[in-house]
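Written out below as structure tokens is the structure these notes cover.
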Amino acid sequence: MNSRMKALALILALFGAADLIAQTALSARPEDQPNTDQRWEAPRDLDSYFPFTPPDTLTQWQQRSGEVRTNLLVALGLFPMPMRHPLHTVIHGLRDDGDYTVEKVYFQSLPGFYVTGSLYRPKGRTGLLPAVLCPHGHWPNGRFMQKPENEVREAIASGAESMTNAASNILQARCVQLARMGCVTFLYDMIGYADSVQIPMEVAHGFAKQRPELSALNHWGLFSAQAEMRSQSVMGLQAWNSIRALDFLCSLPEVDATRVGVTGESGGGTQTFILGAIDPRPAAVFPAVMVGTAMQGGCTCENASNLRVDTGNVEIAALFAPKPLGMTGANDWT
């Protein structure tokens, strides 16, 4: 047997011994002793129970919240934070609707990667203004979502909406109302929606099968083993887009950066409480649904490796404390 074959035999023997040791260690627990090894538990998945037990003291919470926040940043690939390259913002296509204006926006969250959205600004206001950042959920066409006529009629008939335009375009209607109330408002695209086309929707929000052509050691894409080992994920990229969207909003000369809120629904609710957990700048946040101990978010853009180890959405949302946080539930798991 030559030296290479001897070395290979030794490696295989070592792997076999290691596997035997691991199996022995796992099976060596006496039956009368409690199970404290998480490896014995059933794997946790999207629909597992994610309870939150509040700590007994403020000191305990301060320590625990720091640990959860650090783990969250690591899971999102944001520890340490990436370099904030220039946004190279472009604002164009002004539309004047009397008491507010709407403009198109795009900027670079990373060199060569763009965030797109609509900027709503009030008219006739002076001084620094409050601002609201609006991530949207998984609506068809994203920020351009338009409900069908039958749903519009039902919303009007039930009293859920009072105006046809608002019932038809609920995301834009929220921003219009906020602008009329005096808030500069930015509604930006989730990856793969509307004008955000660099990563297709079927990859960002519907990935289900590995792509061998994007799984090589020196050439990989999202969801590959190489990407997961480096904490590269759609959720992490969207969280970074939200941070940079907040950078953009706070950079506007008319915005009071100390009075910025964040609100979104569904997947936008997830983005809202994630941003509140990792960025100290928002003064108030309002995730509509998604904060619960049951299902934690059903899209690939709401999940990342190592994200909810011994924690869940309730505790992650609680990282925003003690600043004001509002929440709503719906007629579902929330």
Side-chain angles (χ1 to χ4, degrees), residues 35-56 60-61 64-65 67-76 134-140 142 145 151 160 170-171 174 190-193 201 204-208 223 228 231 233-239 242 262-278 282 284-334:
N35 175 21
T36 58
D37 192 328
Q38 288 184 321
R39 291 172 294 179
W40 283 90
E41 299 177 3
R44 302 180 81 189
D45 60 26
L46 185 69
D47 295 310
S48 297
Y49 179 51
F50 293 82
F52 173 55
T53 302
D56 295 326
Q60 290 177 353
W61 171 244
R64 172 63 180 168
S65 62
E67 294 172 354
V68 175
R69 182 175 289 106
T70 299
N71 291 343
L72 177 60
L73 288 168
V74 170
L76 294 173
C134 290
H136 66 75
H138 294 91
W139 302 97
M145 187 273 295
E151 292 186 16
I170 59 174
L171 302 182
R174 179 208 309 160
M190 280 205 293
I191 296 170
Y193 278 82
M201 177 181 290
H205 306 280
F207 183 82
F223 303 105
E228 296 298 318
S231 296
S233 66
V234 172
M235 186 178 189
L237 184 54
Q238 285 199 160
S242 294
V262 186
T263 185
E265 72 298 317
S266 187
T270 300
Q271 292 181 73
T272 295
F273 71 75
I274 291 293
L275 182 60
I278 63 177
V285 300
F286 197 118
V289 306
M290 296 314 305
V291 179
T293 57
M295 202 273 283
Q296 300 287 286
C299 184
T300 47
C301 79
E302 297 173 276
N303 294 277
S305 296
N306 301 312
L307 181 68
R308 298 182 178 91
V309 178
D310 293 328
T311 189
N313 286 354
V314 175
E315 187 171 43
I316 294 172
L319 296 179
F320 193 69
K323 292 182 288 185
L325 179 148
M327 292 179 287
T328 55
N331 189 23
D332 54 22
W333 73 95
T334 62

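One is the number of the first residue; the rest follow in order along the sequence.
Closest non-hydrogen pair, Gly297 versus Asn303, comes out as O-ND2, 2.9 Å. In terms of heavy-atom proximity, Met290 sits nearest to Ser266 at CG-O, 2.9 Å. Smallest separation of non-hydrogen atoms from Leu325 and Phe320: CD1-CB, 3.9 Å. Contact record, Ala75 with Ala304: O-CB, 3.9 Å, taken as the closest heavy-atom pair. Across all their heavy atoms, Pro287 and Gly326 have their closest contact at CD-O, 3.0 Å. Cys299 and His138 get closest at one heavy-atom pair: SG-NE2, 3.3 Å.
Within the 4.5 Å cutoff, no side-chain heavy atoms of Gln271 are placed close to those of Cys301. With a 4.5 Å cut-off on side-chain heavy atoms, Ile191 and Leu237 count as touching. Residues Thr263 and Arg174 are in side-chain contact: their nearest non-hydrogen atoms beyond the backbone lie under 4.5 Å apart. For the pair Val314 and Val291, the minimum side-chain heavy-atom distance is below 4.5 Å. The closest side-chain heavy-atom distance from Asn313 to Phe50 is not below 4.5 Å. Looking at heavy atoms from C-beta onward, Pro55 lies out of side-chain contact with Arg64 at the 4.5 angstrom threshold. Here the side chains of Leu319 and Trp61 are in contact, with some heavy-atom distance below 4.5 Å.
Considering Ile274, Asn306, Asn71 in turn, Ile274 is the only one that fulfils the side chain to side chain contact (heavy atoms under 4.5 Å, CB included) rule with Leu76.
Looking only at distances, a side-chain donor or acceptor of His136 sits under 3.5 Å from a matching main-chain atom of Met190. One N or O on the side chain of Glu265 and one on the backbone of Gly137 form a donor-acceptor pair closer than 3.5 Å. Looking at Ser231, its side chain does come within 3.5 Å of a backbone N or O of Val74 through a donor-acceptor pair. A donor-acceptor pair is defined here as one N or O able to donate and one able to accept, closer than 3.5 Å; no such pair exists between the side chain of Glu315 and the backbone of Thr311. A distance-only check finds no donor-acceptor pair linking the side chain of Thr70 to the backbone of Glu67 [under 3.5 Å]. In this structure, the side chain of Arg69 does not engage the main chain of Ile278 through any donor-acceptor pair within 3.5 Å.
Taking the six-membered ring where the residue is Trp, Phe223 and Phe207 present parallel rings, their angle staying beneath 30° rather than reaching 60°.
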message: Run Phe273 and Met327 through side-chain contact (heavy atoms from CB on, under 4.5 Å) and show every step you take.
response: CA-CA 10 Å; Phe273 71 75; Met327 292 179 287; over 6 Å; no
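For residues 290-313, the set of pairs meeting the salt bridge (charged side-chain N to carboxylate O under 4.0 Å, His left out) definition, not counting sequence neighbours, is empty.
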